[in-house]
Amino acid sequence: MLAKIHVTFKNGVLDPQGKAVHHALNDLGFNEVRDVTLGKYLEIKLEGVSAEEAEHRVSDMCEKLLANTVIESYRYTLDPTD
Amino acid sequence: MLAKIHVTFKNGVLDPQGKAVHHALNDLGFNEVRDVTLGKYLEIKLEGVSAEEAEHRVSDMCEKLLANTVIESYRYTLDPTD
Amino acid sequence: MSAPNEPEITPQVVADHGLTAGEYERIQELLGRAPNFTELGIFSVMWSEHCSYKSSRPHLKTLPIEGPRVIEGPGENAGVVDIGDGLAAVFKIESHNHPSFVEPHQGAATGVGGIMRDVFTMGARPIALLNSLRFGEPADARTRFLLNGVVEGIASYGNCTGVPTVGGEVYFDPCYNGNILVNAFCLGLVKTDKVFRARAGGVGNAVIYVGSKTGRDGIHGASLLASAEFDERTEEKRPTVQVGDPFTEKLLIEACLELMKKDWVIGVQDMGAAGLTSSSFEMAGREGTGIEMDLSKVPLRETGMTPYEILLSESQERMLFVVEKGHEEDAIEIFRKWDLDAAFIGHVTASPSVRILFEGREVVNLPVLPVVDGCLGLERPARRPVWLDHVKELDLAAVDEPAQGGAALKALLGSLNIASREWVYEQYDHMVRLNTLIMPGSDAAVLRVPDTNKALAIAVDCNSRYCQLDPYLGAQIAVSECARNIACSGGEPIGLTNCLNFGNPERPEIMWQFEQAVRGIGDACRFFDIPVVSGNVSLYNETKGEAIFPTPTVALVGLLEDRDWQTSQWFKNSGDEIGLLGETFPELGGSEYLSVLHKETRGSPPALDLNREKRLQALVRELIHGRHILSAHDCSEGGLAVALAESCISHPETPLGAEIGLFSPLRKDALLFGESQSRVVISYPREARDTIAARAGERKTPFTPLGSVGGEALAIAVNGEEYIREDVRTLNDLWRGSLGDYVRQTS
Amino acid sequence: MKCGVVVFPGSNCDHDCYHILKHILGLSTEWIWHKDDADLDRFDAVVLPGGFSFGDYLRPGAISRFSPVMKAVTRYANKGGHILGICNGFQILLEAGLLPGALLTNRSQKFICKPVATVVETTETPFTRSCKKNAVLKLPIAHKQGNYFADTETLQRMADNGQVLLRYADAAGQVTEAANPNGSVGNIAAVANERKNVMGMMPHPERAADPLWPNVDGQAIFQSLIESIAS
Ligand SMILES: Nc1ncnc2c1ncn2[C@@H]1O[C@H](COP(=O)(O)OP(=O)(O)O)[C@@H](O)[C@H]1O
Ligand SMILES: [Mg+2]
């Protein structure tokens with residue numbers, strides 16, 4: 001079972017890295033770039049859990065460790081074949 | 001147009017952050033976790049480019065700036081509706 | 001006049017803004033009309049406890065703030081103290097407690113950013129950061145998370161801006177379970193004739209906004225959150241947490257210092273709590289002028305922001321400048337060079353009011369003084385807590401005296417309040433800019449003053465357990481101990497800044513603690529002739545009715561006329577002699593020993609005789625300046641035994657042993673672990689002993705040779721019988737490892 | 001001898017390098033602004049100092065390598081000019097492809113500031129020529145991304161070609177796992193390009209070069225440069 005997790009800043013929270021990348025891309029001549037956000041992407045391999053359990057466990061991991069829910073939100077998908 | 005870009009470590013590159021997260025998850029009692037990789041996730045909003053152009057431009061951004069191809073690989077999708 | 005679609009003002013809206021009905025009435029009286037919604041927002045932040053100091057002001061007025069070296073005392077963004085050679089030290093300490101509890105990394109990071117801006121606002125280049133941290137009980141899983149996050153946040157911000165973090169303190173106590181403390185200190189250097197002030201002078205001069213764009217972050221953050229107790233509802237009321245951008249701060253430092261070299265810069269203030277509102281009103285207020293500005297010109301990060309939001313945003317890394325008319329473009333050009341946003345948003349006016357336009361219409365028009373000064377100081381009632389009578393009792397006869405002292409010494413060295421802070425300061429760049437002569441790990445950090453032969457010593461201190469048991473005495477001890485740390489490093493204190501962390505001032509017991517502590521600081525400073533030049537008050541550190549121990553943290557800056565006087569706490573050579581300056585009394589009240597080994601916080605804190613303390617410090621300095629002693633370490637938490645052990649093992653490279661012989665009628669635990677004040681452990685070459693004895697005699701300070709440096713063990717005999725013998729490597733591993741082990745350990 | 005110190009936005013060891021070169025070593029030293037891409041031929045050596053250029057956002061060095069000055073730095077390198085990248089400067093040279101490998105986050109995931117010991121592996125470079133082979137240099141580190149990585153092939157080529165200059169070691173000069181502060185492969189602390197005119201190092205020689213502090217081991221690096229240029 002593979003959990004694919006995206007952690008990104010909530011709306012309105014300053015994303016200094018995204019801002020810097022945006023700036024850099026414009027400087028490099030990518031003038032079509034209007035906005036950049038930079039987040040985290042995790043792949044977590046799980047073993048010995050059912051799909052339902054995994055659902056619950058992964059959301060628990062996000063809440064407890066992977067996302068800082070004060071400023072970040074998260075979403076994930078579970079891939080049972082992986 | 002929204003480009004969604006995943007940057008992850010290449011095979012064979014030790015991912016110290018992924019390892020640390022793996023460790024921390026095990027410590028928190030998530031014993032079902034077998035492996036963790038930690039990468040970056042970027043969303044880039046583009047304006048005034050066609051889908052073909054975007055394809056080309058985004059791959060260019062990745063090669064030049066967004067990934068360090070000595071250690072990282074990247075993949076992306078383009079979402080024309082966003 | 002008002003912005004479109006503003007809510008109507010109802011009693012509920014007034015209450016939600018943290019204003020009482022009485023205060024709202026007073027606002028109407030002062031204005032001669034009702035404020036509109038945006039104006040109400042302005043009053044709400046400016047009259048909040050955080051900005052108005054309404055509970056604390058009457059007491060703070062009693063602090064001694066004058067001295068021959070003082071260039072700017074409290075009232076400006078930071079205090080300024082002359083250090084000679086045409087230079088001044090600029091410093092201040094400030095709290096970021098509530099945000100750090102909610103989001104430790106960003107809360108602590110933005111705390112560091114804020115205090116740095118206070119310092120470079122004065123025209124000074126920041127050269128040192130310190131911090132004073134308080135966490136709850138170690139067993140609480142959240143404590144580890146908070147400690148990790150706070151330290152990482154401080155590191156991320158300080159390291160990136162290239163300002164070294166050179167010292168601080170970390171304590172754990174259950175009283176901080178729901179309210180951690182994060183107090184950040186910054187020191188900068190400025191030429192005395194280049195000190196800038198937060199003033200909007202010169203009618204017609206231009207008001208320039210610089211730094212990051214304004215977003216919706218932290219609206220009512222510092223002001224409201226720091227002006228009310230925590231409860232379950234705080235979670236929901238929580239404003240968007242501010243995320244720090246240390247890179248922008250670094251650019252801002254460089255750009256501002258570059259701009260401040262120009263002689264057409266009139267005044268500047270950072271946008272801290274209450275953002276654009278407080279900076280504009282306060283700059284006008286100090287000068288007796290007014291400001292007119294157009295919010296449509298403010299660089300914004302988000303769309304659809306209202307004037308209310310723009311004025312109250314606490315987005316980080318922003319400053320407000322006033323420059324001479326005609327130099328708008330020159331100023332903006334400098335910021336452009338550093339790729340920073342900057343905009344010409346308004347000008348200084350003669351009439352003492354702030355007039356704010358947005359999209360062509362007037363949305364605010366308020367007289368300056370009622371806003372900045374109109375909030376009435378509160379004479380809050382104060383009452384001594386009755387529980388004090390109970391906790392002061394301590395029956396030593398009921399406390400077991402251990403037959404051997406080794407186990408107690410090891411327990412103390414491995415306890416989290418005494419163990420080495422290496423795990424913390426290794427994460428801080430404490431060397432950048434090449435000024436740090438004495439790095440973290442000694443009584444005070446010492447930094448050279450570039451281009452002179454001088455150095456500055458800096459330390460922060462507060463034993464809040466003492467303050468809980470006796471806030472007046474505890475506060476006096478904080479000042480004394482801090483000054484002692486400076487003396488041990490070779491310096492003479494020249495200025496103090498303080499951060500007063502207390503519970504809810506609406507409770508008379510808390511107000512009593514506050515009043516006592518302020519009096520304690522004031523009396524001690526007057527006695528030592530140390531001016532208080534800046535400070536900060538953090539109230540409402542209380543969750544569900546549980547207040548923290550009173551924690552009046554003080555930070556002192558000391559001057560070394562000759563940087564070669566710099567002295568560290570660790571023993572230097574085998575064969576040197578070890579001695580004690582000062583006297584030990586049977587005092588275990590409020591000690592770390594009682595807390596760690598007997599799980600008790602009770603009794604009276606150790607007595608303090610200010611005269612004795614002053615003589616001791618003068619003696620230590622005299623011995624250092626005369627090059628008679630090689631190390632000096634003050635006895636604080638854990639007493640004499642811990643001070644001796646630290647002098648053995650805190651050497652950055654090689655721990656050294658010591659053979660000690662004590663003779664005393666006291667109980668052995670009081671002798672070794674009691675925390676009697678005004679004591680310093682020194683080491684010196686044998687031949688210096690007579691000189692030291694003579695000087696000590698002149699200063700009427702007891703001097704007792706205790707033994708010598710050397711060997712593999714710390715061995716302490718009492719009245720001829722061995723009481724402690726421990727391998728120094730064992731002690732070293734225990735002391736250095738335990739904080740890191742604690743953090744890495746899992747619950 | 002004339003040195004240039006490049007200033008990127010967010011450089012913060014620029015003053016320290018300048019101080020050591022100019023005031024301690026007495027070399028003529030100039031600042032180079034990152035937006036300036038004029039030729040660097042007037043310099044005998046160019047230093048890319050430590051810090052957090054562009055905040056280290058995205059990856060340390062990732063954005064800085066596109067500053068106009070990097071065009072000049074690359075031309076200078078190709079002509080054989082001496083370039084020393086320290087800490088963040090090393091990271092930038094790697095991102096620019098002027099040195100082999102990459103730097104990952106420290107094994108501990110923490111920023112580490114402390115003195116460490118390194119052992120000199122080769123003295124046949126302009127940056128180490130006045131050191132003794134296997135000499136131990138005590139130098140401070142201060143970084144969060146100093147965990148050096150290169151693939152096996154690259155490492156082999158570097159070893160064969162003498163491109164590893166310093167490795168983390170214990171006080172006796174033994175390269176041990178316990179002496180590895182950040183997880184770098186093979187304890188690598190400093191590397192050079194094939195031609196040996198470009199060096200990158202994570203430790204800060206400029207923090208161990210002012211006699212006001214007891215340790216001046218870092219002077220060996222600068223002295224080597226001075227000797228090479230003189231000869
Ligand atoms: N938060 C911190 N940041 C940096 N250095 C710290 C911190 N806490 C403690 N230190 C350093 O660790 C040493 C010991 O701290 P402390 O026990 O408070 O000293 P003392 O007993 O002399 O008051 C000091 O050098 C202090 O500056
Ligand atoms: Mg202390």
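Naming convention: chains lettered A, B, ... in sequence-line order (proteins, then strands); numbering from 1 in each chain.
Counting heavy atoms from C-beta outward, B/His6 and B/Tyr76 have side chains that stay 4.5 Å or more apart. A 4.5 Å side-chain heavy-atom check between A/Glu32 and B/Met1 finds every atom pair outside the cut-off.
Heavy atoms closer than 4.5 Å to chain A are found in both the backbone and the side chain of B/Val36. Proximity to chain A (any heavy atom under 4.5 Å) is shown, for B/Asp60, by both the backbone and the side chain. Looking at A/Val33, both its backbone and its side chain come within 4.5 Å of chain B, counting heavy atoms on both sides. Both the backbone and the side chain of B/Leu38 come within less than 4.5 Å of a heavy atom of chain A. With a 4.5 Å cut-off on non-hydrogen atoms, B/Leu66 touches chain A through its side chain but not through its backbone. Residue A/Leu2 does not touch chain B at all, counting heavy-atom pairs closer than 4.5 Å.
No other option in B/Leu25, B/Thr37, B/Val7 has as many heavy-atom pairs under 4.5 Å with chain A as B/Thr37.
More than 12 non-hydrogen atoms from other residues, nucleotides or ligands lie less than 6.0 angstrom from NZ of A/Lys10.
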Determine, step by step, whether B/Ser73 and B/Phe9 satisfy the side chain to side chain contact (heavy atoms under 4.5 Å, CB included) criterion, reporting the C-alpha distance in whole Å, the side-chain angles of both residues, the deciding distance to 0.1 Å, and the verdict. CA-CA 6 Å; B/Ser73 54; B/Phe9 282 117; over 6 Å; no
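Side-chain contact check for B/Tyr41 and B/Glu43: at least one donor-acceptor pair (N or O, by modelled atom type) lies under 3.5 Å. Judged by distance alone, the side chains of A/Asp27 and A/His23 never bring a donor and an acceptor atom under 3.5 Å apart.
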